[in-house]
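Notes to accompany the following structure.
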Amino acid sequence: MLQTARRILIVDDDVELVTLLVDYLTLEGFQVTPAHNGADGLALLAKNTFDLVVLDVMMPGMSGVDVLRQIRQKSQIPVLMLTARGDPVDRIVGLELGADDYVPKPCPPRELVARINAILRRSRQTAATAAPVVVGPVSVDATKRSAVTCNGQPIEFTGTEFTLFELLARNAGHPVSKEDIYPKVLGRPMGPYDRAIDVHVSSIRHKLLHTVGRALTIDSIRGVGYQLIVHSSTP
């Protein structure tokens with residue numbers, strides 16, 4: 001049985017680069033649609049179904065950050081951001097707004113494909129044999145993807161946040177090292193000065209605080225990683 005080609009939207013004002021990526025990704029079996037500015041990208045998203053968005057940060061007019069902000073108001077579609085090499089600010093802002101990962105520009109097309117495949121693999125994985133995980137008032141159902149609920153009310157996690165929270169939930173009360181987290185959550189090893197997981201944890205903490213208060217916390221374990229703690233009572 002043939003697998004349906006994954007649909008990718010590339011939003012970048014660099015016409016030459018986009019042409020190169022479209023050709024390369026098409027050869028890799030993706031169905032690719034280009035957009036050369038943020039407004040066109042949002043219009044295409046409103047009218048079509050895509051599996052992932054590749055989004056450049058630095059664009060004239062509407063920046064990639066502005067585009068991502070609008071995307072996250074309506075959708076949890078995976079977003080891979082293209083950021084200026086050596087500029088951690090763009091990466092952190094993008095991750096804080098809900099990007100799943102980032103690739104510094106210029107990047108080899110082969111690396112971009114690897115990152116796309118890693119994100120898509122996470123987003124389509126199910127665990128049909130795995131029982132839901134219950135930690136305090138929160139339930140995580142891996143068979144439904146992004147099905148994280150508190151007392152029956154959904155908590156809106158991005159795909160990457162879901163994968164990270166599920167990993168911590170299945171190891172609640174035990175530290176999980178960053179060396180384990182990066183390949184399992186982002187599909188790549190941790191790089192030097194890499195703060196991607198830290199930013200995703202910060203976002204999850206904010207959402208948990210807003211929905212469950214102090215019933216669940218994610219503690220930083222210095223020199224190791226993170227640990228999800230279930231509090232039996234709150235002051």
Side-chain angles (χ1 to χ4, degrees), residues 8 10-12 51-58 63-69 71-72 75-125 140 145-146 148 155-171 175-209 217-228:
I8 307 295
I10 299 179
V11 186
D12 193 317
D51 296 292
L52 181 142
V53 179
V54 176
L55 177 62
D56 185 30
V57 170
M58 298 296 293
S63 72
V65 170
D66 293 330
V67 174
L68 178 60
R69 185 178 287 110
I71 289 174
R72 283 292 174 254
S75 171
Q76 297 301 321
I77 184 174
V79 176
L80 178 64
M81 300 203 77
L82 302 177
T83 67
R85 186 176 296 276
D87 187 356
V89 175
D90 287 342
R91 303 174 194 176
I92 292 171
V93 170
L95 292 169
E96 287 176 340
L97 289 173
D100 289 83
D101 204 356
Y102 60 84
V103 176
K105 293 174 68 175
C107 74
R110 186 174 180 179
E111 179 182 352
L112 182 64
V113 169
R115 295 289 186 91
I116 289 173
N117 281 328
I119 293 173
L120 291 177
R121 188 163 52 247
R122 295 195 308 270
S123 69
R124 69 171 177 259
Q125 279 177 340
V140 184
R145 293 301 303 177
S146 300
V148 180
I155 303 175
E156 295 295 332
F157 284 151
T158 67
T160 297
E161 290 169 357
F162 175 88
T163 304
L164 174 54
F165 183 73
E166 183 194 13
L167 175 62
L168 295 176
R170 291 190 182 279
N171 293 275
V176 183
S177 71
K178 289 186 178 180
E179 286 74 13
D180 286 337
I181 291 173
Y182 269 83
K184 290 179 179 177
V185 174
L186 295 180
R188 60 178 174 83
M190 179 179 175
Y193 312 109
D194 195 333
R195 289 194 55 206
I197 288 299
D198 299 335
V199 179
H200 288 305
V201 167
S202 177
S203 177
I204 293 172
R205 282 171 169 161
H206 176 76
K207 293 175 181 180
L208 288 177
L209 185 62
T217 60
I218 300 176
D219 291 358
S220 299
I221 309 300
R222 185 176 180 85
V224 179
Y226 292 101
Q227 178 176 346
L228 183 67

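Values in this document were obtained by computation on a predicted structure and should not be read as measured data.
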For [X] and [Y], which heavy atoms make the closest approach, and how far apart are they?
| X | Y | result |
| --- | --- | --- |
| Gly191 | Arg188 | N-NH1, 4.5 Å |
| Arg205 | Ser220 | NH2-OG, 3.0 Å |
| Lys207 | Glu156 | NZ-O, 2.8 Å |
| Leu186 | Ala118 | O-CB, 3.9 Å |
| Pro175 | Val224 | CB-CG1, 4.2 Å |

Output the distance between atom [atom1] ([X]) and atom [atom2] ([Y]), rounded to the nearest 0.5 Å.
| X | Y | atom1 | atom2 | result |
| --- | --- | --- | --- | --- |
| Leu208 | Leu228 | CG | CG | 7.5 Å |
| Glu161 | Ser203 | CD | OG | 3.5 Å |
| Leu97 | Thr158 | CG | OG1 | 11.5 Å |
| Glu96 | His200 | CD | NE2 | 11.0 Å |
| Leu164 | Leu168 | CG | CG | 4.5 Å |
| Ile204 | Thr160 | CD1 | OG1 | 9.5 Å |

Say whether, by atom type as modelled, one donor and one acceptor occur between the side chain of [X] and the main chain of [Y] under 3.5 angstrom.
| X | Y | answer |
| --- | --- | --- |
| Arg72 | Gly98 | yes |
| Ser75 | Ile77 | yes |
| Thr163 | Gly159 | yes |
| Tyr182 | Ser177 | no |
| Arg115 | Tyr102 | yes |
| Lys178 | Met190 | no |

Does the side chain of Tyr226 come under 3.5 Å of the side chain of Asp198 through a donor N or O and an acceptor N or O?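 Result is yes, a qualifying pair exists.
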
Begin from the C-alpha positions of Thr83 and Lys105 and carry the test side-chain contact (heavy atoms from CB on, under 4.5 Å) through to its verdict. CA-CA 6 Å; Thr83 67; Lys105 293 174 68 175; over 6 Å; no

Here's a test for you: under side-chain contact (heavy atoms from CB on, under 4.5 Å), which of Asp12, Val67, Val11, Ile10 qualifies with Asp56?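 Passing option: Asp12.
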
Could you walk me through whether Ile8 and Ile116 pass the side-chain contact (heavy atoms from CB on, under 4.5 Å) check? CA-CA 9 Å; Ile8 307 295; Ile116 289 173; 4.0 Å; yes

Could you check if a side-chain atom of Leu82 sits within less than 4.5 angstrom of a side-chain atom of Leu55, using non-hydrogen atoms only?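 Answer no - side chains too far apart.
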
Below 4.0 angstrom, N of the basic side chain to O of the carboxylate: do Asp101 and Arg91 qualify?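 No, this pair does not count.
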
Could you go step by step and tell me if Asp100 and Leu80 meet the side-chain contact (heavy atoms from CB on, under 4.5 Å) rule? CA-CA 6 Å; Asp100 289 83; Leu80 178 64; over 6 Å; no

Begin from the C-alpha positions of Val79 and Met81 and carry the test side-chain contact (heavy atoms from CB on, under 4.5 Å) through to its verdict. CA-CA 6 Å; Val79 176; Met81 300 203 77; 4.1 Å; yes

